[in-house]
Q: 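Sending over a structure as structure tokens; questions will come in a sec.
Counting begins at 1 with the first residue of the sequence. The model shown is predicted, which means the values in this text are computed figures rather than measured ones. Excluded from the calculations below are hydrogen atoms, water molecules and symmetry mates; all remaining heavy atoms, backbone and side chain alike, are included.
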Amino acid sequence: MFLQALTPLAQEFAKQPLAFLGGFMSGTFRLDPAEDPLRSWLEKQGTTIYPASADTNGRSSGPQSITID
């Protein structure tokens, strides 16, 4: 059962090990592809970077004040 869950990961790793490990490490360290240094490296590689505003999904950034009656 556990081995079946890891099969897709092993297949992707076998296809492109460097890209897989890069994506895995960026996810592990919670690197945002829209921020440097990852953004500048991806631009050098010729990868399209989407603007950071697309990631917000309609939410504004930062804390907001509210009033309670």
Q: Same cluster or not: Phe24 versus Phe29, using hydrophobic residues (I, L, V, M, F, W, Y) connected whenever any side-chain heavy atoms lie under 4.5 Å apart?
A: yes
Q: Working to the nearest 0.5 angstrom, can you tell me the gap between Ile66 CD1 and Ile68 CD1?
A: 4.5 Å
Q: Leu21: what forms a side-chain contact (heavy atoms from CB on, under 4.5 Å) with it, not counting sequence neighbours?
A: Phe13
Q: Going by the rule side-chain contact (heavy atoms from CB on, under 4.5 Å), which residues pair with Ser26 if we only count those two or more places apart in sequence or in a different chain?
A: Leu31, Leu38
Q: Just by modelled atom types, is the Asp36 backbone N or O under 3.5 Å from a matching donor or acceptor in the Ser40 side chain?
A: no
